[in-house]
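Report on the structure given below.
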Amino acid sequence: MINLDNAVIHNIYISEDHNFYGHHGKPAGKTPMIEVDQAVCEAGKGIVGDRFHSYKENYKGQITFFSLEVYRDICKTFGIENLKPSVFRRNVIISGIDLNRLIDNEFNLQGINFFGTQEAAPCYWMNGVVAEGAEEAMKGRGGLRARILTNGNLKKSSITS
């Protein structure tokens with residue numbers, strides 16, 4: 001079990017519906033990502049109120065994480081100011097951890113146990129919502145998909161930068 005005591009949660013987002021997932025060959029959806037101060041995590045189900053809650057039994061993407069460091073690098077690489085982290089459509093924006101090392105590992109964050117299943121691989125939609133070339137720039141650092149193993153409330157860290 002990897003303990004993420006030093007990780008900082010900067011943003012938490014939920015969305016009622018999918019904008020990209022399942023939209024191949026169709027226009028993107030328009031359902032916003034809503035920022036919340038905390039998320040209710042249900043073991044085996046996902047985040048209450050999010051589009052992937054109870055999506056499928058044992059679904060590998062019940063919650064997604066994205067690195068604040070990668071977000072900042074993408075903004076710098078493409079010279080973008082005021083890009084909201086919500087455009088990446090990940091649930092939790094976090095810093096202080098290499099998300100790829102959590103793949104195939106159980107980890108604990110704020111007393112909740114998770115299992116990292118795979119990279120939240122970027123797709124071609126990123127080229128449209130960020131900048132042309134964003135999908136390629138994000139390969140290998142698109143975030144983390146995980147299963148929720150225990151119930152709990154995940155909260156934004158009180159000190160963020």
Side-chain angles (χ1 to χ4, degrees), residues 1-15 18-21 32-43 46-53 59-123 125-131 133-161:
M1 170 86 67
I2 299 171
N3 195 322
L4 302 184
D5 285 340
N6 295 324
V8 176
I9 296 176
H10 298 267
N11 309 89
I12 302 173
Y13 298 102
I14 59 173
S15 182
H18 306 278
N19 282 3
F20 309 134
Y21 190 84
M33 294 293 282
I34 305 297
E35 186 166 7
V36 295
D37 290 330
Q38 70 177 357
V40 178
C41 297
E42 287 190 343
I47 299 173
V48 174
D50 188 63
R51 63 209 181 274
F52 284 111
H53 185 268
Y59 186 60
K60 59 190 171 190
Q62 295 167 359
I63 187 169
T64 55
F65 296 87
F66 192 66
S67 166
L68 180 72
E69 294 86 355
V70 172
Y71 159 74
R72 287 179 174 161
D73 184 61
I74 293 294
C75 291
K76 181 179 177 185
T77 297
F78 293 98
I80 301 171
E81 295 181 20
N82 301 320
L83 180 71
K84 294 183 179 184
S86 61
V87 303
F88 298 99
R89 307 279 304 170
R90 308 296 191 257
N91 299 117
V92 179
I93 309 300
I94 192 168
S95 65
I97 184 69
D98 174 6
L99 294 174
N100 287 340
R101 84 177 185 117
L102 301 177
I103 296 171
D104 293 326
N105 284 293
E106 193 169 324
F107 60 97
N108 182 282
L109 179 62
Q110 296 185 357
I112 305 168
N113 293 342
F114 301 90
F115 183 81
T117 60
Q118 68 185 71
E119 178 191 0
C123 66
W125 293 102
M126 293 298 107
N127 294 332
V129 297
V130 177
E135 176 187 11
E136 185 65 31
M138 291 173 62
K139 284 187 179 172
R141 53 193 200 138
L144 177 73
R145 297 171 109 199
R147 288 188 180 101
I148 300 170
L149 303 178
T150 59
N151 295 333
N153 290 338
L154 195 62
K155 298 175 183 161
K156 285 172 49 172
S157 299
S158 56
I159 300 173
T160 61
S161 57

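Looking at heavy atoms from C-beta onward, I14 lies in side-chain contact with V36 at the 4.5 angstrom threshold. Residues R51 and M33 are in side-chain contact: their nearest non-hydrogen atoms beyond the backbone lie under 4.5 Å apart. Using a 4.5 Å heavy-atom cutoff, the side chains of Q110 and N153 are not in contact. At least one side-chain heavy atom of I103 sits less than 4.5 Å from a side-chain heavy atom of N100. Between N127 and V130 there is no side-chain heavy-atom pair separated by less than 4.5 Å. Between L154 and I63 the shortest side-chain heavy-atom distance falls below 4.5 Å. Residues N151 and I112 form no side-chain contact, since every pair of their non-hydrogen atoms from C-beta on lies 4.5 Å or further apart. Under the 4.5 Å side-chain criterion, counting only non-hydrogen atoms from C-beta, E106 is in contact with L149.
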Checklist entry - Between V40 and I47, is a side-chain contact (heavy atoms from CB on, under 4.5 Å) present by the stated rule, with each step listed? => result CA-CA 6 Å; V40 178; I47 299 173; 5.9 Å; no

Item to check | Derivation and outcome, side-chain contact (heavy atoms from CB on, under 4.5 Å), residues F66 and M138 | outcome: CA-CA 11 Å; F66 192 66; M138 291 173 62; 3.9 Å; yes

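Considering SG of C41 and CD1 of I148, their distance stands at 4.0 Å, rounded to 0.5 Å. Between atom OG of residue S95 and atom CG of residue N6 there is a gap of 10.5 Å, rounded to the nearest 0.5 Å. Interatomic distance, L4 CG to I9 CD1, rounded to the nearest 0.5 Å: 9.0 Å. Distance check: F115 CZ to M1 CE gives 11.0 Å after rounding to the nearest 0.5 Å. Note: M126 CE to E135 CD = 9.0 Å, rounded to the nearest 0.5 Å. A distance of 10.0 Å separates CD1 in I93 from CD1 in I12, rounded to the nearest 0.5 Å.
Shown here are the side chain to side chain contact (heavy atoms under 4.5 Å, CB included) partners of A137, two or more places apart in sequence or in another chain: I74, F78. F65 pairs by the ring-ring contact (aromatic ring centres under 6.0 Å, His included) definition with F107, F114, not counting sequence neighbours.
Residue pairs meeting the side chain to side chain donor-acceptor pair (under 3.5 Å) criterion with at least one partner in residues 33-43, sequence neighbours excluded, are N11-E35, E35-K156, E42-H53.
In summary, the side chains of R89 and Y13 do not present any donor paired with an acceptor at a separation below 3.5 Å, with no hydrogens or angles considered.
Between P32 and S15, the shortest heavy-atom contact is O-OG, 3.1 Å. Scanning all heavy atoms of the two residues, the minimum distance from G116 to A146 falls at CA-CB, 4.2 Å. Across P122 and G142, no two heavy atoms sit closer than the pair CD-CA, 4.1 Å.
A donor-acceptor pair is defined here as one N or O able to donate and one able to accept, closer than 3.5 Å; no such pair exists between the side chain of T64 and the backbone of R145. Not one N or O on the side chain of R72 forms a donor-acceptor pair closer than 3.5 Å with the backbone of V70. With hydrogens and angles ignored, the 3.5 Å screen pairs a side-chain donor or acceptor of N105 with a backbone N or O of R101.
Classification of the F52-Y59 ring pair by plane angle, with boundaries at 30° and 60°, yields parallel.
With I94 as reference, L99 is the one residue of L68, V8, L144, L99 to meet the side-chain contact (heavy atoms from CB on, under 4.5 Å) rule.
For K139 and E136, the salt-bridge test passes: some basic side-chain N is under 4.0 Å from an acidic carboxylate O.
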